[in-house]
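Okay, so here's the structure we're looking at.
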Amino acid sequence: MTGWAMALFQRDLRLSVRIGGSALVGVLFFLAVVTVIPFGVGPDLNLLARIGPAILWIGALLATLLGLDRLFQADREDGTLDLMLMAGRPLELVILIKCLAHWIATGLPLVVAAPLLAIFLNLDPVSMGAVTLTLLVGTPALTLIGAIGASLTVSLRRGGLLLAVLVIPLAIPVLIFGVSSADAAIHDPVPFVTPFLILCALTLIAAVVGPVASAAALRFSAD
Amino acid sequence: MRSSHLKLIAENLTIDRGGRRVFQDLSFSLSQGSALVVTGANGIGKSSLLRTLAGLVSLAAGTIRLEGGETDRLPQEQAHYFGHQDAVKPALSVLENLRFWQNFAAASVCEGFTGATLSPLLVLDTLGIGHTAHLPAAYLSAGQKRRLSLSRLLVTPRPVWLMDEPTSALDKASEQQLLGIMNDHLASGGLIVTATHTELVLDRIETLHLQAADPAEQAPEEALL
Amino acid sequence: MELGTHAGFIIASYALCILTVLVLVAWVRIDKANQERALKELAEQGISRARREHESR
Amino acid sequence: MAFWDYANPTRFLRLVQVVLPWLIGFCVLAFAAGLYMAFFTAPEDYQQGNTVRIMYIHVPAAWLCMMCYTVMSISSIGTLVWKHPLADVSAKSAAPIGAAFTFMALVTGSLWGKPMWGTYWVWDARLTSVLVLLIMYLGLMTLWRTMDDPIKAGKSAAILTLVGALNLPIIKFSVDWWNTLHQPASVVRMDGPTIHADILWPLLIMAVAFTLLFFVLHLMAMRNEILRRRVRALRMRAASVSRPGTAAATAQPAE
C-alpha cells in the first residue's frame with residue numbers, strides 16, 4: 001500500500017474506533033436482533049438450529065446497514081469530502097479503502113461475534129464455522145454495496161432509512177448465497193463449495209461496482 | 001518580473017446550480033505570482049466561482065486550465081481549497097489531522113513554483129498552535145481550527161490557492177500573519193484566487209468584480225429547459 | 001360468455017388492472033392541469049418564457 | 001442529427017402534440033382487438049380452464065415492467081453520458097408507470113395463482129423477482145422525491161438505475177437458484193410447454209396494446225415533467241433577488 005492509502009486507512013480506522021465505539025454498537029444491535037427472534041418464533045431449538053444461519057445473516061445485514069449512513073456523511077459535513085475530491089487520488093480507490101476501514105471497524109466485529117451468537121441458536125460446530133466463514137466473505141460485499149446507497153443519500157439529512165430501502169434489493173443475492181452456502185454445509189445435498197464460490201464472486205463484483213458507482217455519485221454530490 | 005511559466009486560464013465559464021444560471025461566459029487569466037481578488041455582492045456567485053475552480057461544481061460550459069502545470073493532473077488537483085469548512089476532525093489530534101492531509105493530498109511541483117514541503121510541527125509553530133499539536137482538535141477554538149486548516153496549505157506544496165473568505169474567524173494579528181503567508185506564496189511563484197469582503201493587502205492584485213447582468217439577458221433556454 | 005368457477009378471480013384481475021390504468025391516467029391529467037395552472041398564474045404575474053422564445057425563433 | 005433536434009424540449013413538446021392522438025388511437029384499437037380475442041376467440045386451457053384469460057394481462061404487464069426498466073436504464077445512460085435533461089425527464093416519468101405495471105403483474109399473478117396453487121402468494125422465482133423490482137421502482141421514486149434539485153436527483157437516480165440494471169440479472173439468477181433449493185415439486189408452471197396460435201395471437205396483440213399504453217402514458221408524463229421544471233425555473237426567477245452576473249475582469253496591476 002502506498003503512503004496516502006495507508007494514511008487514509010489509518011485515519012478512518014482511528015476515527016471509527018474513537019467516535020462512539022461504532023463496532024460495539026453494531027455488535028450490540030446484532031445481539032439484540034438475534035435475541036428478539038426466539039421471542040417471535042418460539043424457543044424451539046430444532047427450529048432455531050434450522051433457521052439459525054438465516055437469522056445470523058439477516059442480523060448482520062441489518063447491523064451493517066445501520067452504520068452505513070455515516071460512511072461519507074461525516075466527511076461531507078465538515079468539508080473533508082470536497083478536499084478528498086481534489087486530493088489527486090483516484091476516488092474509486094479512496095472509496096474502496098474507506099469501505100475496507102469501515103468493514104474492519106464494523107463488519108469484522110460482527111463476524112467475530114457470530115460464533116458466540118450461534119450458540120444461542122443451537123448451531124452445531126460445523127454450521128457455526130460455515131456461517132462465520134460465509135459472513136467473513138459476504139459482509140464486505142454488504143459494505144461495498146451499501147457504499148452506493150451511502151453516497152447517493154450523502155446530502156440527505158435523514159438518509160438512513162432511504163439508504164436501507166435502496167440497498168436491500170441489491171443485497172438480496174449476497175443474502176441468498178450466504179445463507180445457501182451456510183445451509184449447504186449443514187444439511188442440504190448441494191455441495192458447500194458451489195454457493196460459496198458464487199458468494200466470493202458476488203463480493204468481487206461488489207468490490208468493482210460499489211466503488212465505481214459511489215465515486216460517480218460523490219462527484220455529483222459536491223455540486 | 002519573474003518569467004511567467006504558470007498561468008491559470010478560465011475561458012467562458014458558465015455554471016448552472018439548481019436549474020438557475022449563476023453566471024455565464026466568465027473569462028480571466030491569472031499569471032504566476034499574482035492574486036485574483038473576486039469581489040461582488042452577496043449571492044452573486046463568488047463562492048460558486050471558487051468551487052468551480054476547485055472542480056467541485058460542474059461546468060455547464062467553458063474550460064479551466066493551468067498552463068505550465070503538470071499535464072497529467074487536473075487543475076483542481078494542483079490547487080488547495082480553503083473554504084468555509086475547516087475539514088478538521090475533532091476526534092483526531094491536531095498533528096494527526098495535519099499529517100493526514102500531508103500524506104493524503106498529492107503534492108504538485110512544477111517549474112517556476114518553489115513552494116516547499118514544510119514539516120507539520122514547524123507549520124503549527126509558525127501559526128502559533130504548536131502547543132496544541134498533541135491535543136485532540138476538539139479542544140481548539142474556532143480561530144485555532146481555522147489556523148489548523150490553513151496549515152494544510154503549507155505542508156503540501158500546490159501552486160494554486162483558492163481561498164473563500166480566508167480572513168473569517170481570524171483576529172487582526174492572525175490576519176496579518178495570513179497576509180504574510182499569502183504574500184510568501186505569491187513570492188515563491190504561486191497563484192491565489194480569493195473571494196473576500198475585506199481589503200487584502202497583497203503584493204500583486206488583480207480584481208474580478210462580479211456584477212448583476214441586465215435581467216433581459218439572463219437565463220437562457222437551456223437553464224429553463 | 002361463461003367464465004367458469006374462477007370467474008371472480010378473472011374479473012378481479014381485469015378490474016384491478018383497469019383501476020390501475022385509470023389511476024395512472026388520472027395522475028397524468030391532474031398533474032398536467034396543475035402545471036398548466038401554475039404556468040398561467042406565473043404568466044399573469046408577468047413571468048413567462050413566451051417573450052424570449054419569440055425573440056429567439 | 002434529427003434525434004438531437006427532437007431532444008430539444010420545446011420541439012419535443014410539439015412532437016408530442018402531433019404523435020399523441022395517433023398513439024392513443026392505436027392503443028384503443030389494440031386493446032379492443034386484444035380484449036375481444038382474449039375473451040371470445042381464445043380457447044380455455046385444458047388444465048387451467050378460464051383462468052388462463054388472466055394471462056392476457058399478466059404476461060404483458062410483466063413484459064412492460066421489464067421494458068420500462070430498460071427505458072429507464074437507457075435514459076440513465078443519456079443522463080450520465082450526454083447529460084441531456086430530456087433523458088432525465090424520461091427516466092423520472094417512467095418510474096411511476098413502471099411501478100404501476102409491476103404492481104399489475106404482481107396482483108394478476110397472485111390472482112392467477114390462487115386457483116392454481118391454492119394460495120395468493122408463493123415465493124415463486126418469477127413473482128419474487130418482480131417483487132424485488134417493485135421495491136426498486138419505489139426506492140427510485142423516493143430518491144427522486146427526497147432531493148430538491150431535479151438535476152442532482154436525476155444524476156443520483158441514474159446511477160442507482162444503472163446499478164440496478166447490472167444487479168437485476170444477478171438477482172434473477174440468485175432467486176432462481178434459491179427457488180430450486182426450496183421449491184416444492186407440485187407447483188404448476190404458468191407457461192405451457194407449447195403455446196397454441198389461438199393463445200399466442202391475443203397475447204401478442206395485448207402486449208402491443210400494453211406497450212402503446214406505456215408510450216402514451218410516458219409521453220404524457222414527460223410533458224408534465226417538462227412543464228413542472230418550467231414552473232420551477234420560472235418561480236425561481238420570480239423569487240431571485242440577485243441576477244446572474246456577467247463578470248468583467250478589470251485588471252489593476254499593482255506595484
Side-chain angles (χ1 to χ4, degrees), chain A residues 54 141 144-181 183-184 187-190 194-195 198-199 201-202 205-206 208-223, chain D residues 69 73 76-77 79-81 83 88 95 99 102 123 125 128-183:
Chain A
L144 289 160
I145 294 170
I148 303 174
S151 51
L152 288 173
T153 57
V154 70
S155 60
L156 305 177
R157 203 165 292 279
R158 296 179 52 79
L161 263 181
L162 179 59
L163 183 149
V165 173
L166 299 182
V167 165
I168 284 177
L170 305 177
I172 286 175
V174 179
L175 191 65
I176 286 178
F177 285 102
V179 177
S180 295
S181 47
D183 272 345
H187 37 74
D188 272 353
V190 197
T194 320
I198 298 176
L199 182 66
L202 286 177
I205 293 172
V208 178
V209 176
V212 170
S214 50
L218 284 182
R219 285 201 185 96
F220 294 135
S221 78
D223 223 317
Chain D
Y69 203 90
S73 306
S76 300
I77 297 174
T79 305
L80 293 179
V81 178
K83 300 186 172 57
D88 172 27
T102 314
W123 289 91
T128 311
S129 306
V130 173
L131 180 64
V132 174
L133 188 62
L134 181 65
I135 297 174
M136 286 172 63
Y137 273 125
L138 296 178
L140 276 168
M141 285 163 66
T142 322
L143 187 63
W144 254 303
R145 290 189 78 98
T146 44
M147 292 192 172
D148 322 317
D149 180 350
I151 308 283
K152 239 163 125 174
K155 283 173 180 168
S156 297
I159 292 170
L160 186 63
T161 310
L162 288 179
V163 172
L166 276 178
N167 226 297
L168 273 177
I170 302 180
I171 293 175
K172 183 77 178 65
F173 164 71
S174 339
V175 171
D176 280 344
W177 159 278
W178 164 81
N179 200 239
T180 50
L181 277 188
H182 299 278
Q183 190 179 41

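None of the values given here were measured: they were computed from a predicted structure. Just so it is clear: chains get the letters A, B, ... in the order the sequence lines come, proteins before strands, and each one is counted from 1.
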Note to self: Please report whether the ring centroid of A:F177 lies less than 6.0 Å from that of D:W177.
What the structure shows: yes

Quick check on [X] against chain A: is it the side chain, the backbone, both or neither that has a heavy atom closer than 4.5 Å?
| X | value |
| --- | --- |
| D:L143 | both |
| D:I159 | side chain |
| D:I171 | both |

Engaged part of [X] at the chain D interface, taking heavy atoms whose separation is under 4.5 Å:
| X | answer |
| --- | --- |
| A:I198 | side chain |
| A:L152 | both |
| A:L175 | neither |
| A:I205 | side chain |
| A:S155 | side chain |

Next item on the list: With side-chain contact (heavy atoms from CB on, under 4.5 Å) as the test, would you mind laying out the steps for D:T142 and A:V165 before giving the verdict?
Entry: CA-CA 9 Å; D:T142 322; A:V165 173; 5.6 Å; no

Next item on the list: Just give me the residue among A:L162, A:V212, A:V174 that pairs up with chain D most often, heavy atom to heavy atom, under 4.5 Å.
Entry: A:L162

Margin query: Applying side-chain contact (heavy atoms from CB on, under 4.5 Å), can you list everything that pairs with D:A153, at least two apart in sequence or on another chain?
Written below: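 D:A153: side-chain contact (heavy atoms from CB on, under 4.5 Å) contacts with D:W144, D:M147.
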
Next item on the list: Could you list the residues that satisfy salt bridge (Lys or Arg N to Asp or Glu O under 4.0 Å) with D:K152, not counting sequence neighbours?
Entry: none

Next item on the list: For D:G139 and A:L166, work out which heavy atoms get closest and say how close.
Entry: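 Minimum heavy-atom contact is O-CD2, 3.5 Å.
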
Next item on the list: Take A:L202 and D:I170 through the side-chain contact (heavy atoms from CB on, under 4.5 Å) test and state the conclusion after the steps.
Entry: CA-CA 9 Å; A:L202 286 177; D:I170 302 180; 3.5 Å; yes

